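All residue numbers in this chain count up from 1 along the given sequence. A quick note: this is a predicted structure, and the numbers were derived from the prediction, not measured.
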Amino acid sequence: MPPAAENPPAASGFVGSTVAELRKVVWPSRQQLFAESVAVILMVTLSAFAIAAIDRFYSWVNAQVFR
């Protein structure tokens with residue numbers, strides 16, 4: 001029979017460490033969260049449009065070359 005673990009990890013130690021780390025977090029204000037969320041959504045939308053435009057351009061070029 002294998003020997004029992006000498007020091008099994010304690011769940012309370014993990015939870016306590018997690019809570020301590022979460023107390024160190026600097027949470028954004030509601031205004032900052034909203035502004036940064038809008039910026040992310042705007043950049044993702046612009047990137048999607050740019051990728052779609054490039055895809056359409058290459059599709060058009062492909063259609064012209066391989067008629």
Report task. Enumerate the residue pairs fulfilling salt bridge (charged side-chain N to carboxylate O under 4.0 Å, His left out) with a member in residues 51-67, sequence neighbours excluded, ordered by first and then second residue. Result -> none
Query raised in the report: Should V19 and V25 be regarded as members of a common hydrophobic cluster, given that ILVMFWY residues are connected when their side-chain heavy atoms come within less than 4.5 Å of each other, either directly or indirectly?
Result: no
Query raised in the report: Does F66 share a hydrophobic cluster with W60, counting links as ILVMFWY side-chain heavy atoms below 4.5 Å and allowing steps through other members?
Result: yes
Query raised in the report: Do you reckon I41 sits in the same ILVMFWY cluster as F49, going by side-chain contacts under 4.5 Å, direct or chained?
Result: no
Query raised in the report: Are F14 and T18 side-chain neighbours, meaning at least one heavy-atom pair lies under 4.5 Å?
Result: yes
Query raised in the report: I54, V61: one ILVMFWY side-chain cluster at the under-4.5 Å cut-off?
Result: yes
**Report entry** Hydrophobic cluster identity match, V44 and L46, side-chain contacts under 4.5 Å
**Finding:** no
Query raised in the report: How long is the gap from CG on L42 to OG on S47, to the nearest 0.5 Å?
Result: 9.0 Å
Query raised in the report: Within a reach of under 6.0 Å around CD of Q31, are more than 12 heavy atoms found that belong to other residues, nucleotides or ligands?
Result: no
